[in-house]
Each structure stands twice: as C-alpha cells, then as structure tokens.
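Worksheet for the structure shown next.
Note that the numbering runs from 1 along the sequence shown for the chain.
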Amino acid sequence: MTVFSLRKYQKSDLENILAIFNGTVQAINKKDYTQQQIEQLVQLNPDYEKWDARLSSSYSVVALNRMEVIGFGNITDTGELDLLYVDKKWIGYGIGKMLAKDLMDHALKAGAKELTVYSSITAKPFFESLGFELVEQKVNYRNGVMLMNYLMVYRRDKK
C-alpha cells in the first residue's frame, strides 16, 4: 500500500513543482482547453524567483510519495486558494483531496470565514465535490487568447 505524506514547500521543490504544473496542464487540461489556450497556460520559461515568492508568501505544501514530489498547493491565511496541482500519473489516488483538505483546514484555522478559488474548467467538478459553489464565470485574455475560469467559494457555515 502506498502512503502519501505532506510537508511544507521548500525552494528546492521548484523544478518538480513546475514540471507537475506544466505536465498536468498539457496532459489533463487539454480535454477542456484548445492547444492555443494550453500554450498560454504553460510556463516553458518560468520565472523561478516569482514562483518562489508566490509560494513562500502563502501556506504552501507538497505531496510526497516517499521522497518524490507528486503534487502541490497553496492558500493564503485569508482563504484564497491559489494553486492545486497533482502529477498527471497520480490523479485519482486522493492526493488532490488530501492537499485541498490540508489547505482548507489551514485557512479556516487561521480565521478565514470563506475560501475562494479561481478554478479551471477541468478542476471545477473537483472543487464542487469539496463543497465549493460557483459564484461566477470569468473570461480573461492573455496575449489575445481567451481563457475562461470560475470564481468559486466555500463557506465555513455551509457544512
């Protein structure tokens, strides 16, 4: 039986995190996004300092299978869930749910009354399964390419 664990993010995790991010977007999100949209989402030449600052300034964790990083996520103390990704090889093993629960518990214990996420089309059913509700559909443009996502909210008092 495989046992997964969580630990706090470390800067040395960045290469693995970016590989998971890009690999998941390219392999999993392609069922909901065009190739042109995928190209806008992937980070082929990532700004490592910017990613580290983003992850270091919030509660950030990685999921491990032994010593291998297989997922990651982060959330602010005020409840803004920023990133949540699982390596495409490990989707369906409960890692996303394990990460999400840890992130959600952290923000709620820190005093957040509600949690928000800007979910991809692909992740929307996952967040709904956790109790998040759709607030509105958002349309953004990156380099002239339309990218759609969903603002979703989880309210502590709705359990």
Non-hydrogen atoms of [X] and [Y] that approach each other most closely:
X: Ile20; Y: Gly71; answer: CD1-N, 3.7 Å
X: Gly79; Y: Ala107; answer: CA-CB, 3.9 Å
X: Leu81; Y: Val117; answer: O-CG2, 3.6 Å
X: Arg142; Y: Leu41; answer: NH1-CA, 3.8 Å
X: Asn74; Y: Arg54; answer: ND2-O, 3.8 Å
X: Val25; Y: Ile38; answer: O-CD1, 3.4 Å

Heavy-atom distance under 4.5 Å between the side chains of [X] and [Y], does that happen here?
X: Leu18; Y: Trp51; value: yes
X: Lys124; Y: Asn149; value: no
X: Leu108; Y: Leu115; value: yes
X: Tyr9; Y: Leu14; value: yes
X: Asn65; Y: Tyr93; value: no
X: Gln37; Y: Met148; value: no
X: Leu83; Y: Leu55; value: yes
X: Tyr150; Y: Glu128; value: no

Residue list, ring-ring contact (aromatic ring centres under 6.0 Å, His included) with Tyr85, at least two apart or on another chain: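 Checked Tyr85 against ring-ring contact (aromatic ring centres under 6.0 Å, His included); matches are Phe21, Phe72.
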Step-by-step salt bridge (charged side-chain N to carboxylate O under 4.0 Å, His left out) determination, Arg7 to Asp13: CA-CA 11 Å; Arg7 73 159 162 73; Asp13 296 322; 2.8 Å; yes
[atom2] on [Y] to [atom1] on [X], rounded to 0.5 Å:
X: Lys101; Y: Leu130; atom1: NZ; atom2: CG; result: 5.5 Å
X: Glu39; Y: Thr34; atom1: CD; atom2: OG1; result: 8.0 Å
X: Glu49; Y: Lys11; atom1: CD; atom2: NZ; result: 3.5 Å
X: Tyr154; Y: Phe127; atom1: OH; atom2: CZ; result: 13.0 Å
X: Leu147; Y: Tyr118; atom1: CG; atom2: OH; result: 14.5 Å
X: Asp87; Y: Ile28; atom1: CG; atom2: CD1; result: 9.0 Å

Set of residues satisfying side-chain hydrogen bond (donor to acceptor under 3.5 Å, both in side chains) with respect to Ser60, sequence neighbours excluded: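 For Ser60 the side-chain hydrogen bond (donor to acceptor under 3.5 Å, both in side chains) partners, ignoring immediate neighbours, are Ser58.
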Stepwise side-chain contact (heavy atoms from CB on, under 4.5 Å) test for Val61 and Leu99: CA-CA 8 Å; Val61 293; Leu99 281 162; 3.6 Å; yes
Over 12 foreign heavy atoms within 6.0 Å of CD, Gln43: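 Yes.
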Atom CD of Gln36: over 12 foreign heavy atoms under 6.0 Å: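 Atom CD in Gln36 is not packed in, count stays at 12 or less.
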Residue among Ile70, Val69, Leu6, Val3 satisfying side-chain contact (heavy atoms from CB on, under 4.5 Å) with Leu64: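 Going through the options one by one, the only one that passes is Val69.
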Check: Ile121 main-chain N/O paired with Tyr33 side-chain donor or acceptor under 3.5 Å: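 Yes, the answer is positive, given that a donor and an acceptor are paired below the 3.5 Å cut-off.
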Verdict with supporting geometry, Gln26 and Lys88, side-chain contact (heavy atoms from CB on, under 4.5 Å): CA-CA 9 Å; Gln26 290 169 321; Lys88 62 185 184 283; over 6 Å; no
